[in-house]
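Please read all numbers here as calculations on a predicted model, not as lab measurements.
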Amino acid sequence: MNAVGSGLIRDVLVREEPLLFKPGQFYVIASLLGVTEFTLLAFVFRAPLVPSAISAIAITFVFRLLAIFFDWRTNRSCVRRSPIKPR
């Protein structure tokens, strides 16, 4: 989550559209997958914290590698924006 948050802050500070809102790589989804897995193991199933963290890191890393290797991409949303007419 730190990578996603710091990337978002960086993009806002340099006045670029955040990568979080652009279609592309699965880095946000991979991060959310790891956070969800850690939360489930550590807090719902009461597993020890260190093994939960290690497995969450591993799942995030593997999912991200698979997304890069197989070139998985997110799609554009179906929402159409009306074009802004110049004055």
Side-chain angles (χ1 to χ4, degrees):
M1 292 309 290
N2 285 339
V4 174
S6 62
L8 182 65
I9 292 170
R10 179 204 62 219
D11 290 340
V12 168
L13 289 177
V14 297
R15 296 181 185 210
E16 291 181 2
E17 181 181 1
L19 290 175
L20 179 65
F21 302 129
K22 293 181 181 179
Q25 293 286 340
F26 274 78
Y27 79 99
V28 175
I29 296 172
S31 177
L32 289 174
L33 184 68
V35 168
T36 302
E37 192 269 341
F38 175 77
T39 303
L40 285 174
L41 282 179
F43 299 108
V44 175
F45 297 116
R46 303 283 186 207
L49 291 179
V50 173
S52 298
I54 291 171
S55 69
I57 291 167
I59 286 176
T60 303
F61 181 73
V62 168
F63 189 78
R64 182 71 176 116
L65 279 180
L66 289 172
I68 292 170
F69 183 74
F70 291 111
D71 198 28
W72 293 342
R73 302 256 179 209
T74 57
N75 294 327
R76 274 190 202 278
S77 66
C78 297
V79 178
R80 290 188 177 179
R81 296 181 186 170
S82 59
I84 300 173
K85 296 178 183 178
R87 291 183 178 190

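- Smallest separation of non-hydrogen atoms from P18 and V12: CG-CG2, 4.4 Å.
- Judged as a side chain to side chain donor-acceptor pair (under 3.5 Å), the pairs with a partner in residues 62-73 (not counting sequence neighbours) are, in order, Q25-R64, D71-R73.
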Q.
For I68 and F26: C-alpha separation, side-chain torsions, deciding distance, then whether side chain to side chain contact (heavy atoms under 4.5 Å, CB included) applies.
A. CA-CA 8 Å; I68 292 170; F26 274 78; over 6 Å; no
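- In this structure, F63 and I29 approach most closely via the heavy-atom pair CE2-CG2, 4.0 Å.
- Listed here is the closest heavy atom pair of E37 and I59: CG-CD1, 3.6 Å.
- F61 and F69 fall into different hydrophobic clusters, where Ile, Leu, Val, Met, Phe, Trp and Tyr residues are linked whenever their side-chain heavy atoms come under 4.5 Å apart, directly or through other members.
- Atoms CZ and CG, from F38 and L33 in turn, are 14.0 Å apart once rounded to the nearest 0.5 Å.
- Between atom CG of residue L32 and atom OG1 of residue T60 there is a gap of 9.5 Å, rounded to the nearest 0.5 Å.
- Here side chain to side chain donor-acceptor pair (under 3.5 Å) pairs that include residues 41-54, with residues two or more places apart or in two chains, number zero.
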